[in-house]
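Everything quoted here is computed from the prediction, not taken from an experiment.
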Amino acid sequence: MTATEVRAGSGGLVPPAPARSGRRRPVTRRRLVQFAFLVPALVYLVLFFGYPVVKNLMMGFQEYTTRTFYTGEAPWVGFANYVTAVTDPVFDQALLNTGLFTVGSIVGQFTIGLLIALFFHRRFHLSGVLRSLLLLPWLVPMIAASAVWRWILDTDHGVLNRTLDLLPFVDGRPAWLTSTTLALVAVIMVNIWLGIPFNATILYGGLQEIPEELYEAGSLDGATGARAFWHITWPLLRPVVTVVLVLGVVYTLKVLDVILGLTNGGPANATQTISTFSYHMSFREFDFGVGAALGNILVLISLVFAIVYLRLNRRAIDE
Amino acid sequence: MSAAVPIARRTSGGDVAGSASRVPTPRRPGHTILGVIIIAVMLFPLYWMLNVSLQPAGNAVATPWLPLDLSWDGYATALAEQGGNLVTSLIVSLGAVVFSLVVAAPAAYALAHFRFGKWVVVLLFGVLTTQMVPGIVVANALYSAYSDLGLLNTYVGLILADSAAGIPFSIILMRAFMMSIPASIVEAAYVDGAGPVRAFVSVVLPISRNALITSALFTFLFAWGDFLFALTLTTSESMRPITLGLYSYIGGYVSDWSPIMATAVLSSLPAIALLVLAQRYVAAGVTGGAVKS
């Protein structure tokens with residue numbers, strides 16, 4: 001193989017000159033070899049992301065139960081699964097919980113994550129080591145973290161309530177995971193804890209990219225402290241903030257491990273979200289059609305959010 | 001741990017030690033103290049996990065603040081009851097690492113170096129879109145497919161499903177790295193008579209060693225921490241990853257927390273080991289990456 005061929009093969013952006021038409025065959029074969037590099041990944045992504053999405057769309061319109069696994073029959077039922085899902089008394093609560101869980105988690109994770117990032121942005125002794133340690137909650141399996149939080153939040157013997165007992169102004173022992181009013185708060189709290197490392201690390205990376213000279217120039221014009229933050233840091237951090245928030249919401253909407261690990265969606269559906277509700281319908285009630293319908297609703301919410309946010313954000317940057 | 005795609009930074013991994021070594025770090029004892037307090041608060045639950053795991057059985061009513069009455073009974077019980085599940089998780093995670101790298105590395109190289117024109121953008125967008133697909137949607141569809149194909153309760157089935165987080169992550173991370181490999185190096189291999197496959201294996205892969213290691217570490221952690229596929233795609237006790245073993249522990253009434261926390265500690269060991277042994281790769285994995293904005 002000669003160097004000219006290499007250039008001809010890799011020059012895909014330039015339209016091939018007519019003089020090269022004699023070489024089309026080797027170029028085509030080269031193209032095939034190049035395409036072969038992509039094939040395994042394409043096949044995988046189609047099978048493990050494309051297929052499930054399409055299959056769920058179809059299952060949403062089918063009566064798909066345990067019987068389907070024996071008879072192979074899944075009759076079409078139109079929108080019946082969606083009607084069942086949406087009219088279920090749990091649905092409204094799950095939708096509200098999904099909203100509260102997502103907004104609460106993101107606001108908490110992002111705010112605390114940003115404060116920690118800003119703090120670590122000023123270098124000091126041990127800052128590197130401490131920053132790596134901060135990653136630990138994010139790296140351990142979520143279900144392990146949920147397990148220990150379950151014990152920490154235990155009403156009678158948990159270390160949180162034992163600590164609260166020592167404080168003079170707290171009455172009684174909050175039933176973090178077993179009261180219908182507190183369980184969602186507790187689950188959000190734990191999810192904030194889990195998300196802080198991710199937010200802090202990405203935002204820290206963003207802060208590091210802002211040139212130091214800008215702050216030096218800003219301080220000459222009197223922009224220090226909060227003014228420097230709002231006039232220099234925030235505008236320049238914006239692209240990173242967008243990525244963190246969009247990914248954060250998309251990931252939070254589909255959270256399952258934390259909720260199943262802490263409360264299993266209970267007590268009395270107080271922590272049920274669309275995601276756990278979908279799991280419940282498919283793998284507890286074995287009504288895969290309704291589970292699929294709920295999964296599709298979740299994808300739709302995620303999609304609408306991403307599109308709306310990115311649109312609004314683009315407009316805000318353009319102005 | 002939910003999947004995460006590496007994000008928009010191109011800090012080239014040097015942010016842990018690189019910037020600190022050039023300028024002497026200013027002494028700010030107040031900052032150091034506050035920093036230690038922040039990290040202590042954040043890591044307290046993990047300390048508590050360790051503390052409870054080292055308590056003797058029967059101390060479950062109110063765990064003392066320190067494991068003064070050191071006992072390894074929790075670990076003995078955990079290993080006896082969950083040792084097999086740890087091995088299952090290890091096999092599945094290592095399988096997912098090998099499979100993900102074999103699938104993702106060629107694709108990353110193709111997206112970085114072959115001129116596919118606008119298709120590169122389309123494909124990258126497709127890879128990013130996978131992040132929006134909820135795990136429950138994938139599990140829902142895979143369950144029936146796996147049931148038909150006889151893949152429930154199999155290593156192959158779990159390895160394939162557990163690569164779902166690692167493959168998109170690895171494609172994006174490795175592509176970003178491979179973009180920085182000069183085309184001239186690869187062309188030199190062509191001049192020496194190597195074909196695209198030889199050039200990839202003997203030139204590109206060795207240069208990309210760091211990106212491969214980072215991808216491998218994260219794919220391992222994703223697969224190791226997977227809970228949803230373990231929960232939905234296995235039905236028998238003989239094929240049970242450690243995350244599911246832990247879940248079944250906390251599912252029932254708990255009378256003794258020390259074996260449970262010992263299991264949690266054991267299931268966290270890979271994360272801790274990676275942070276200690278491969279800190280710079282972990283930092284590169286979280287911040288390094290693609291999607292130039």
- Task: Would you mind telling me which of Val276(B), Val103(B), Ile136(B) has the largest number of heavy-atom pairs within less than 4.5 Å of chain A?
- Result: Ile136(B)
- Message: At a heavy-atom distance under 4.5 Å, which candidate from Pro106(B), Ser147(B), Ala271(B) has the highest pair count against chain A?
- Response: Pro106(B)
- Query: Which answer fits Thr129(B), side chain, backbone, both or neither, if we ask what part of it has an atom under 4.5 Å from a heavy atom of chain A?
  - Reply: neither
- Item | Asn264(A) portion near chain B, given a 4.5 angstrom heavy-atom threshold | side chain
- Message: Heavy-atom pairs under 4.5 Å with chain A - which of Ser144(B), Ala264(B), Ala145(B), Gly30(B) has more of them than the others?
- Response: Ser144(B)
- Message: Tell me whether the rings of Phe114(B) and Phe116(B) are parallel (<30°), tilted (30 to 60°) or perpendicular (>60°).
- Response: perpendicular
- Per-residue contact mode, Tyr47(B) against chain A (heavy atom under 4.5 angstrom): neither
- Before giving the answer on side chain to side chain contact (heavy atoms under 4.5 Å, CB included), spell out for Arg150(A) and Ile260(B) the whole-Å C-alpha distance, their side-chain angles and the decisive distance to 0.1 Å. CA-CA 11 Å; Arg150(A) 238 176 125 121; Ile260(B) 298 179; over 6 Å; no
- Under 4.5 Å heavy-atom distance to chain A, tell me which part of Met132(B) shows up: side chain, backbone, both or neither. both
- Item | For chain B, the option from Leu194(A), Ile116(A), Leu260(A) that forms the most heavy-atom pairs under 4.5 Å | Leu260(A)
- Note on the structure: Cut-off 4.5 Å, heavy atoms of chain A, and the answer for Leu142(B) is side chain
- Are the side chain of Asp226(B) and the backbone of Asp162(B) linked by a donor-acceptor contact shorter than 3.5 Å? no
- Query: With under 30° as parallel and over 60° as perpendicular, where do the rings of Phe119(A) and Phe124(A) fit, or are they tilted in between?
  - Reply: tilted
- Message: For Tyr109(B), which atoms come within 4.5 Å of any heavy atom of chain A: side chain, backbone, both, or neither?
- Response: side chain
- Message: Which atoms of Phe200(B) are under 4.5 Å from chain A, going by heavy atoms: the side chain, the backbone, both sets, or neither?
- Response: side chain
- Item | Under 4.5 Å from a heavy atom of chain A, the part of Val52(B) involved | side chain
- Note on the structure: Greatest number of non-hydrogen atom pairs under 4.5 angstrom with chain A, of Asp148(B), Leu269(B), Thr263(B), Ile39(B), falls to Ile39(B)
- Task: Report the option among Tyr44(A), Trp149(A), Tyr279(A) that has the most heavy-atom pairs separated by less than 4.5 Å from atoms of chain B.
- Result: Tyr44(A)
- Note on the structure: Ranked by heavy-atom pairs below 4.5 Å to chain A, first place among Val137(B), Ile167(B), Ile272(B), Val186(B) goes to Val137(B)
- Message: Can you classify the ring geometry of Phe288(A) versus Phe283(A) as parallel (below 30°), tilted (30 to 60°) or perpendicular (above 60°)?
- Response: perpendicular
- Item | Side-chain donor/acceptor of Trp138(A) to backbone N/O of Ile196(A), under 3.5 Å | no
- Message: Less than 4.5 Å to any heavy atom of chain A: does that hold for the side chain of Leu244(B), its backbone, both, or neither?
- Response: neither
- Query: In terms of heavy-atom proximity below 4.5 Å to chain A, should Leu274(B) be classed as side chain, backbone, both, or neither?
  - Reply: neither
- Thr98(A) (side chain) donor-acceptor with Ile274(A) (main chain) under 3.5 angstrom: yes
- Test ring-ring contact (aromatic ring centres under 6.0 Å, His included) on Tyr143(B) and Phe286(A) and set out the steps. CA-CA 11 Å; Tyr143(B) 181 80; Phe286(A) 298 107; 7.6 Å; no
- Query: Yes or no on ring-ring contact (aromatic ring centres under 6.0 Å, His included) for Trp48(B) and Trp65(B), after CA distance, side-chain angles and deciding distance?
  - Reply: CA-CA 8 Å; Trp48(B) 204 246; Trp65(B) 290 92; 5.5 Å; yes
- Cut-off 4.5 Å, heavy atoms of chain A, and the answer for Ile242(B) is neither
